Amino acid sequence: MGHGTYMDEDRLTASVAGEVERVNKLICVRPLKTRYNGEVGDVVIGRITEVQQKRWKVETNSRLDSVLLLSSVNLPGGELRRRSAQDELAMRDYLQEGDLISAEVQSIFSDGALSLHTRSLKYGKLGQGVLVLVSPSIVKRQKTHFHNLPCGASIILGNNGYVWLYPTPGHQDEEAGGYYTSMEPVSLSDREVISRLRNCLLALAAHKVLLYDTSVLYCYEASLTHQIKDILKPEIMEEIILETRQRLVEHEG
Amino acid sequence: MAAVQVSEAEKVYIMHGVRDDLRLDGRGCEDYRHMEIETDVVSNTDGSAKISLGHTDVLVGVKAEIGKPKAMVPDEGYLEFFVDCSANATPEFEGRGGEELGVELSNTLYKVFNNRQSVDLRSLCICPGENCWVLYVDVLLLQCDGNLFDAISIAIKAALFNTRIPKVHISEDEEGVKEIELSDDPYDCMRLNVENVPCIVTLCKIGHRHVVDATLQEKACSVASLLISVTHRGTVTCVRKMGGGSLDPESIFEMTEAGKRVGKALHAPLMELLQKEESLGKKRQKVLYLFFIFPGMVLSSHQCPAGRLVCHVSSEEDPPAAVSLDIFHPIIALLLPVDEDQTQQVLITAVFL
């Protein structure tokens, strides 16, 4: 009787293809291919689409564009004060159209639009790296979505299906708080790791394997025997995913 | 073409990557993405082909009609191109949004084929000055993921290879009135020689280097691109510069040389593949029957790969045939091979997920 179902002559039938969720007598079907439905506390990655008065409009793969209020971002230097008119005018200096940010969902408006905030040092504008788009339903909900993978790159698994891969920052960049984006060229070895991870993520998404740090890492290790550009070929993709699935089953068993 | 937004930092990352010859997906600057080609997909055309290059999907159909030859060249047939950017490809093509791009693509195709060697137009002549074959090449863009020109040109080559033009017989009666008869045998047809049909290679300039087969993100980082059409011998039939940026003459020369090299290397494997596919012939699945499955199949998410459902369908006589369906359509049509006289009972025995 829940979402995604309908009564077909006394039989409850699903109207979408997806996973069945049962809570006591309420049966819902959560579709596999869907837009992101936000929940408070989710980590999302978004792209700025508009700069408006006192807020930014962020595209997060949901039905409506999310909103990032000026009062929800950290000022440079970490000051705590009321936002002035000058701050409003300097908005574009911080975030422009096309920029990527990582943020957390603060609340949900009545029409379903999300209100985001970046009031923590780990959130903010994203620098050099690669964005991978997958379906929101295959990103596993975990305690933390920021991982520094042992293979040499870092990953942010946004709940909205946007996954950000970037080279692990050195210690000296930590205190910038998201304002300084380094334009230094990334080393070739880091680039190879990131490209390989990107192809692995696409392979996992194509086979609907749940994405979390362990599955990504196993897939990476399984792909090491192949060349980076071959990972997306269908036969090789199947091989790698098979091995990843086996290791995941062993890991859980 | 559909455009994606890219941030400044991502652009810098992509440009440095191209400089180091390692693109986002691990390809080198002159590598193509995974390509899948299928011919003879549309049954009511004389030749057809479908190609997917990464996520770019193009469908080409060729229809041969009898028409009047052009006044300037009375002993030759001709080709007519029409490109339709379907609204399915990207929301920008909704309504008349795709018309401009469609017209640009058609005009480029006319330029590419506007020479004597690409297709033997004399073989399309039936009666000089009166009748000739006109090949209407219709291109349908199903999905847009960068590099449209290359995909379209390869699909056209495959479709022309697959084209079967019926043989005609001209009979003249006493008053001199000519009648054109098509032969009754559906297999009595002539094929086109597609050896010299050129393929288009698009090179996008990113930073100081150029890349072949750019994705949409890479396109957003490039300001200018060069489009060259190359035959299998390395002859260039058309060169076009696209984009708002400028290219200095040295880089144009470099890009042309690279394009010639890449284009030449594309033809031999393509022809081999087309000939191999044709030789598979009857063993490929033929579509004859439409069978509807009602909606409402619930599948578990961790078992379902990529929205495709592979069923093994068994019947009494034939061995199980694997058919793959798209699971996200509300009505799933199952296409089965069926003999004309028999009614076959088909049972879905196993669902492979």
Side-chain angles (χ1 to χ4, degrees), chain A residues 4-6 8 11 13-20 29-33 47-49 59 96-100 125-131 137-138 166-167 181-188 191-192 194-196 198-199 202 205-210 227-234 238 241, chain B residues 3-36 52 54-55 145 207 213 215-218 220-221 294-309 325-330 332 353:
Chain A
T5 63
Y6 68 100
D8 176 34
R11 268 185 343 174
T13 330
S15 57
V16 285
E19 228 175 319
V20 176
V29 180
R30 235 170 12 108
L32 283 175
K33 188 173 172 186
R47 206 182 274 282
I48 308 289
T49 51
E59 196 252 312
Q96 274 194 328
E97 285 91 342
D99 280 342
L100 280 172
K125 185 152 92 162
L126 298 174
Q128 287 193 55
V130 178
L131 184 71
S137 49
I138 60 167
Y166 59 109
T181 48
S182 154
M183 294 296 176
E184 292 294 313
V186 175
S187 72
L188 191 61
R191 251 177 224 288
E192 283 179 357
I194 291 179
S195 292
R196 194 177 277 282
R198 176 209 180 259
N199 287 352
L202 289 174
H207 288 260
K208 300 280 191 256
V209 176
L210 220 52
Q227 276 205 324
I228 304 177
K229 57 186 171 183
D230 292 335
I231 299 176
L232 293 176
K233 297 207 171 112
E238 299 230 2
I241 297 295
Chain B
V4 286
Q5 276 196 312
V6 191
S7 71
E8 289 302 316
E10 281 175 282
K11 275 191 197 161
V12 167
Y13 185 83
I14 292 176
M15 278 181 20
H16 287 149
V18 168
R19 196 187 60 187
D20 294 338
D21 201 24
L22 183 71
R23 288 152 82 174
L24 287 188
D25 47 5
R27 285 185 288 157
C29 290
E30 295 186 358
D31 289 332
Y32 271 90
R33 284 172 286 181
H34 176 73
M35 211 185 302
E36 279 183 14
S52 21
H55 282 294
D145 189 27
D213 193 13
T215 59
L216 289 173
Q217 285 96 342
E218 287 164 344
C221 302
F294 62 90
M297 287 169 28
V298 177
L299 299 145
S300 179
S301 63
H302 68 269
Q303 291 168 320
C304 181
R308 293 209 138 245
L309 166 65
L325 329 160
D326 236 310
I327 185 182
F328 297 121
H329 291 163
I332 303 171
L353 301 165

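Numbers restart at 1 for each chain; the letters A, B, ... are given by sequence-line order, proteins then strands. In this text the structure is predicted, and so the values were computed from the model without any measurement.
Just one of B:Lys11, B:Gln5, B:Glu10 meets the side chain to side chain donor-acceptor pair (under 3.5 Å) condition when paired with B:Ser7; it is B:Glu10.
The contact between B:Arg19 and chain A is made entirely by side chain atoms (from C-beta outward), counting heavy-atom distances below 4.5 Å. Neither the backbone nor the side chain of B:Asp21 comes within contact range of chain A, judged by heavy atoms closer than 4.5 Å. Neither the backbone nor the side chain of A:Glu59 comes within contact range of chain B; no heavy atoms are under 4.5 Å apart.
Remark: side-chain polar atoms of A:Arg191 are paired, donor with acceptor, to backbone N or O of B:Tyr13 under 3.5 angstrom.
No more than 12 heavy-atom neighbours from other residues, nucleotides or ligands sit within 6.0 angstrom of NE2 on B:His55.
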Applying side chain to side chain contact (heavy atoms under 4.5 Å, CB included) to B:Ile14 and B:Leu24, what does each step give before you reach the verdict? CA-CA 7 Å; B:Ile14 292 176; B:Leu24 287 188; 4.1 Å; yes
Could you walk me through whether B:Asp145 and B:Arg33 pass salt bridge (Lys or Arg N to Asp or Glu O under 4.0 Å), step by step? CA-CA 11 Å; B:Asp145 189 27; B:Arg33 284 172 286 181; 3.1 Å; yes
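Per-residue heavy-atom pair counts under 4.5 Å with chain A were compared for B:Leu22, B:Val6, B:Asp20, and the maximum is reached by B:Leu22. Counting heavy-atom pairs closer than 4.5 Å to chain B, the top-ranked of the candidates A:Arg30, A:Lys233, A:Arg47, A:Arg198 is A:Arg47. Between chain B and the residues A:Ile194, A:Ile231, A:Leu232, A:Leu210, the most heavy-atom pairs under 4.5 angstrom are made by A:Ile194. For chain B, the option among A:Ile138, A:Asp99, A:Asn199 with the highest count of heavy-atom pairs below 4.5 Å is A:Asn199. Interface summary for chain B: among A:Leu202, A:Thr5, A:Leu100, the most heavy-atom pairs under 4.5 angstrom belong to A:Leu100.
Minimum interatomic distance between A:Gln128 and A:Glu184 (heavy atoms only, all atoms of both residues): NE2-O, 2.8 Å.
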